[in-house]
Protein chains: 2
Amino acid sequence: MTVSKAAEKSSEKPGDAAKGRKDATEAQPEALQLGELSEQLGYVLKRAQLKVFENFLRCMASLQLTPAQFSVLLLVEKNPGRNQTEVASTLGILRPNFVAMLDNLESRDLCARIRSTNDRRSHILVLTDKGKAVLARAKKLVATKHEARLNDLLGQANREALIEMLSKIANEF
Amino acid sequence: MTVSKAAEKSSEKPGDAAKGRKDATEAQPEALQLGELSEQLGYVLKRAQLKVFENFLRCMASLQLTPAQFSVLLLVEKNPGRNQTEVASTLGILRPNFVAMLDNLESRDLCARIRSTNDRRSHILVLTDKGKAVLARAKKLVATKHEARLNDLLGQANREALIEMLSKIANEF
DNA sequence: TGATAATTGTTATTGACCATATCAAATATC
DNA sequence: GATATTTGATATGGTCAATAACAATTATCA
C-alpha cells in the first residue's frame with residue numbers, strides 16, 4: 001500500500017499527482033488510474049488512518065498531545081496504580097520505548113511514576129491533577145472536533161458500525 | 001492511540017497484558033480496562049491497520065512483497081509509461097524515498113526505469129515480464145488468502161461498506 | 001538567442017518509531 | 001540461600017517519513 005504521513009502540514013496531498021494546473025489551456029498531465037488499488041483493504045485502511053491521525057494532531061495542537069500520548073493518559077486514568085509494563089503492554093508499546101514516552105509526560109507534569117511499596121522494582125502510574133485537567137480538555141476536543149467529524153461524514157449509525165468492524169479486524173484478523 | 005508493529009512475528013500481542021497465567025490458582029494480574037479507548041476511532045483504526053498489514057506480509061511471504069511494493073506494482077501495471085514523480089506522488093511517497101524502493105524492485109527485475117525520449121530528465125516506469133508474472137501471483141494470493149478473510153469475518157456486504165467508508169475518510173476527512 | 005527559473009532523479013541527512021539485547025535492582029522460586 | 005525471573009532503563013540498529021541540496025535537463029521569456 002504505502003501512503004506517507006505529511007501530518008498536519010497536509011502537504012503533497014496523495015492522489016493529487018497533477019501539479020501545476022493553472023488553466024484549462026495548460027496541458028493536463030492526466031491523473032493516474034488507481035485501479036484495483038482503491039479496493040485494497042490495506043491501502044484504503046492506511047490512507048484513512050493517516051488522515052485520522054493528521055486530523056487528531058490538528059485538533060490537539062493546543063494541548064500538544066499525540067494519539068499515543070492521549071491513549072496513555074486515557075488508560076492511566078481508567079487504570080490508576082498500574083505499572084509501566086502493564087500499561088505499555090496493553091497499548092502494544094514495548095517497555096523500552098515506553099520509557100521515553102513517560103519521561104515526556106512526566107516532565108510536563110501530566111503523569112507521575114511512583115515507586116510501588118509492594119514491589120519496589122515497579123513504578124505505579126497515576127495522572128497528576130494537571131494531567132487530569134489536560135485529559136478532560138483533550139476529551140472535549142476529541143469529541144467535538146474529531147469524533148464529531150465522523151458523524152458529519154458517515155452518520156451516527158455508520159460511525160458505530162465502522163468502529164465495530166475495525167475492532168473486529170483488530171481482534172480477530 | 002499507539003499500537004506497535006510486531007509484524008509477522010505477532011509477538012507481544014497487545015491487549016494480552018497479563019503474562020504468566022499458568023493456572024487458575026495463580027494470582028490473576030487482571031487485564032486493564034480499555035474504557036473509552038475502544039471507542040476511539042484512531043486507536044481502533046491503527047490497530048486494525050497493523051493487523052491487516054501483518055496478515056498481508058504473511059500472505060506475501062513467498063513473494064517477498066510489502067504492501068508498499070505491491071501498491072507500486074499495481075499502479076505501474078495500470079499506468080505504464082509514467083515517470084517516478086507521478087507514481088510516487090500518487091501513492092503519497094516522496095520522491096527521495098521512492099528512489100530506494102525502485103532500486104529494490106529494479107534489482108529484482110520486477111520493474112524497469114527507462115529514460116524518456118520526450119523529457120530526458122525523467123524515467124518512465126514499466127513492469128518487466130517477471131514483474132507482471134509476480135504481480136499476477138500476488139493478486140491471487142491477496143484475493144484468496146487476504147481479502148477473502150475479510151469476507152469470512154465481516155461478510156461481503158459489510159466488507160464493501162467498510163471499504164467505502166474508509167475511502168470516504170481517506171478522501172474527505 | 002541566451003539568461004534565468006523550474007523540474008527530475010538522486011544523495012545526504014535528520015527525526016520519529018519499532019525492535020532486540022543487555023543490565024542492575026528487586027523479587028520469586030525451590 | 002543459590003538461582004531464576006521481573007521491572008525499569010540504556011544502548012543500539014532498522015525502517016520509514018521528511019527536508020535540503022545538487023547535476024542534468026527543460027521551460028520561460030526578456
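In the text below, chain A, chain B and the rest are named by the order of the sequence lines, each starting its count at 1. This structure is a prediction, so every number in the text was calculated from the model and none was measured.
- Per the geometry, CG belonging to Asn104(B) stands 10 Å off P belonging to dC16(D), to the nearest Å.
- For the pair Arg120(A) and dA26(C), the criterion of a side-chain N or O lying under 4.0 Å from OP1 or OP2 is met.
- Judged as a side-chain hydrogen bond (donor to acceptor under 3.5 Å, both in side chains), and not counting sequence neighbours, Asn158(A) has no contacts.
- If you check every strand for non-hydrogen atoms under 4.0 Å, Asp119(A) touches sugar and phosphate atoms only.
- Glu54(A) has a carboxylate O that lies under 4.0 Å from a charged side-chain N of Arg58(A), or vice versa, which qualifies the two as a salt bridge.
- Rounded to whole Å, the distance from CG on Asn83(B) to C1' on dT26(D) is 13 Å.
- The side chain of Ser122(B) lies closest to dT8(C) when the candidates are dA12(C), dA9(D), dT8(C).
- Counting only heavy atoms from C-beta outward, the side chains of Met60(A) and Val142(A) approach each other to under 4.5 Å.
- The CG-C1' distance, from Leu94(A) to dA16(C), rounds to 15 Å in whole Å.
- Protein atom CG of Leu57(B) is 16 Å distant from nucleotide atom P of dC18(C), rounded to whole Å.
- In this structure, Thr85(B) reaches the dG9(C) phosphate: one of its side-chain N or O atoms is under 4.0 Å from OP1 or OP2.
- Put simply, CZ on Arg95(B) is 16 Å from P on dA21(D), counting in whole angstrom units.
- Hydrophobic side-chain contacts under 4.5 Å tie Ile124(A) into a cluster, directly or through other members, with Ile114(A), Val126(A).
- Following rounding to the nearest Å, Met101(B) (CE) and dT15(D) (P) show an atom-to-atom distance of 14 Å.
- Rounding to whole angstrom units, CZ of residue Phe53(A) and C1' of dA17(D) are separated by 15 Å.
- Atoms CZ (Phe98(B)) and P (dT11(C)) sit 14 Å apart, rounded to a whole Å.
- Within the structure, ring pair (Phe, Tyr, Trp, His ring centres under 6.0 Å) contacts touching residues 154-173 of chain B (residues at least two apart or in different chains) are His146(A)-Phe173(B).
- Residue pairs satisfying the side chain to side chain donor-acceptor pair (under 3.5 Å) criterion with at least one member in residues 125-137 of chain B, sequence neighbours excluded, are absent.
- Within residues 105-118 of chain B, the residues approaching DNA chain C are Arg113(B), by heavy-atom distance under 4.0 Å.
- Mapping Asn97(A) and His123(A) onto DNA chain D via the closest heavy atom, the residue that lands nearer the 5' end is His123(A).
- Listed nucleotides dA25(C), dA9(D), dA20(D) differ in distance to Arg121(A); the shortest reach to its side chain belongs to dA25(C).
- Lys139(A) pairs by the salt bridge (charged side-chain N to carboxylate O under 4.0 Å, His left out) definition with Glu77(A), Glu36(B), not counting sequence neighbours.
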